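First up is the structure itself, then whatever we jot down about it.
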Amino acid sequence: MPQPKIQPRLPKGMRDFLPADMIKREYVFSIVREVFHLFGFEPLQTPVLELHETLMGKYGEDAEKLIFNAQHPGGKEELALRYDLTVPLARVVAQYQNEISLPFRRYQLSPVWRAERPQRGRYREFYQCDADIVGAAGMNADAEIVALITTVLRRLGIPQFTVKINNRKLLTAIGKYAGVEGDALANLYRSVDKFDKIGADGVREELIQRGLPANVTERVMTLVAAQVAPADRLDFVEDVMGSLPEAKVAIHELRELIAHLDTMGVPAEHREFDQTMVRGLGYYTGPIFETLINEPNLGSVTGGGRYDDLVGLFRGESLPTTGTALGIERIIDVMDILNLYPPGIGGTVVEVFVAVFDETTRSASTALAAELRTGGVRTELYMQDKSVGKQMAYADKKGVPVVALLGADEIAAGVVKFKRLRDGVEISAPRAEAAAQARALIKG
RNA sequence: GUGAGUGUAGCUCAGCUGGUUAGAGCGCCUGUCUGUGGAACAGGAGGUCGAGGGUUCAAACCCCUUCACUCACCCCA
């Protein structure tokens, strides 16, 4: 009876990662963790499922439609897959007030789920790495977040990126300045945010289409479309609407933030004030950040900002908090396209492949593999019964750097032969020095 | 959720205005090479042409439905 075959398929927008991919992903993860530790952020982990009520009412109506619900038959609790790592953080901070001392610096590297339509650089299951500082109101906290982002991206070798910086309060001020209120404000932001994409004319057109009066549109446009060099933009915005109280606060915060960035040595080429940058999520209250990579444009690679009131939804009393999410998937896509992995990152973790000549030498090969492993060399011992040529081909295809050859001759001589596949160099090493010589051959 | 495009071997694709046994390159397997991979040469396996229905003497090709993927919008990492 032939077995009925089940189609091997994956849910929409979700992916498997085969070993060669995982090795690259883990490299990126390791750099990210290293830099986060360098900045004094501590790891946190939360469940993939949250109570439905924990997530609802935090992201805005549109975003909530993208939350995956998760139920089992007869389940009493309403559950949902987490949509981001920020709301779970807010819950944790409120839930463990006695255990957590402020300011709380934590990072979390975990998958999140969004039921969006998949596209390039957009998946339904993807990893985010969030770093946040809870309980710090000063702009120095926001500056650390920006410094963290630039350090990670530089460590990864990404050549061209810009952290765009704006302030939610400035956007509010723009609304005031132009005379826009209520629902129209959200539409205004949406159009302004597209400035990079559709240009000044595009924004003007959209604003008119959305029914804004001509004079209002023009006031917005003077602020948005001005051809001002990034370094002078803040001065320009201050000239235009510095008298508005909201703008005053926002500009002061931005200047403070920039001063901190200078002190911290964050290169100016990697940051830019942009009054047209808007973040979609509803909970931001102060500075906002977003990172774009010009070369392969896959959308924003980080996003974040200050959200002083979110924790208060769980805690009753609000807590000033700022942070960012790194879009690990998009960063990895960029790394892949630009091939930014160090040469040592291959398709395998194996350093030495131990070939088995025949059944009479198998036990000697097995012993050698054990010796190499004891010596700290990552070793694969061949398990099948095939010709040495086939074994070499297998090792080569897999990308193993060195093959250990141990036939009757070597056994008799008390040595082992190592062959480096990259260039075919062979050495003969006494058994006692096997691990050390193998390591030297890999490095050389 | 809205709109457009694509769907032929493991991968990338070809297949003229519908015509009989559906092709190429790469990859894979075998051999030349019974203690050695990457090259060359020779051979080989592998496809219900996404699925279902319809038109026709005849469909990979035309029509309908459906699914999947891609792109744009929306939104976002």
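Because the structure is a prediction, the values reported are computed rather than measured. First the proteins, then the strands, lettered A, B, ... as listed; each starts at 1.
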Practice task
Would you classify T291(A) as touching base, sugar-phosphate or nothing, given that sugar-phosphate means primed atoms plus P, OP1 and OP2, and contacts are heavy atoms under 4.0 Å?
Solution key: nothing
Handout entry: Sugar-phosphate, base or nothing in reach of K398(A), heavy atoms under 4.0 Å
Key = nothing
Practice task
Please confirm whether Y83(A) and F68(A) have ring centers closer than 6.0 angstrom.
Solution key: no
Practice task
Could you check whether Y123(A) gets within reach of a base, just the sugar-phosphate, or nothing at all, counting any heavy atom under 4.0 Å?
Solution key: base
Practice task
For the pair K65(A) and E116(A), find out whether any cationic side-chain nitrogen is under 4.0 Å from an anionic carboxylate oxygen.
Solution key: no
Practice task
Tell me which residues in residues 430-444 of chain A put a heavy atom below 4.0 Å from RNA chain B, sorted by number, or none.
Solution key: none
Exercise for the section: Compute the ring centroids of Y107(A) and F41(A), then answer whether they are less than 6.0 Å apart. Expected result: no
Completion exercise
The contact string for nucleotides 34-44 of chain B, one letter per nucleotide 5' to 3', using protein heavy atoms under 4.0 Å with B, S and - for base, sugar-phosphate only and none, comes out as -BBBB------
Completion exercise
Looking only at C71(B), A77(B), C74(B), the nucleotide nearest the R120(A) side chain is C71(B)
Problem - Ring geometry between Y394(A) and F353(A) (parallel below 30°, tilted from 30 to 60°, perpendicular above 60°) - result: tilted
Completion exercise
Closest of A77(B), A68(B), A72(B) to the K12(A) side chain is A68(B)
Exercise for the section: Answer with yes or no whether R330(A) presents, from its side chain, a donor or acceptor under 3.5 Å of a partner atom in the base of C76(B). Expected result: yes
Practice task
Can you label the angle between the F29(A) ring and the Y127(A) ring as parallel, tilted or perpendicular, going by 30° and 60°?
Solution key: tilted
Exercise for the section: Indicate, with a heavy-atom threshold strictly under 4.0 Å, whether R117(A) touches base, sugar-phosphate, or nothing. Expected result: base
Practice task
Give a yes or no on whether a donor-acceptor pair under 3.5 Å exists between the nucleobase atoms of C75(B), that is its base, and the side chain of R122(A).
Solution key: yes
Fill in the blank from the handout: RNA chain B in dot-bracket form (Watson-Crick or G-U pairs under 3.5 Å, [ ] crossing, | inter-strand) is (((((((..((((.....[...)))).(((((.......))))).....(((((..]....))))))))))))....
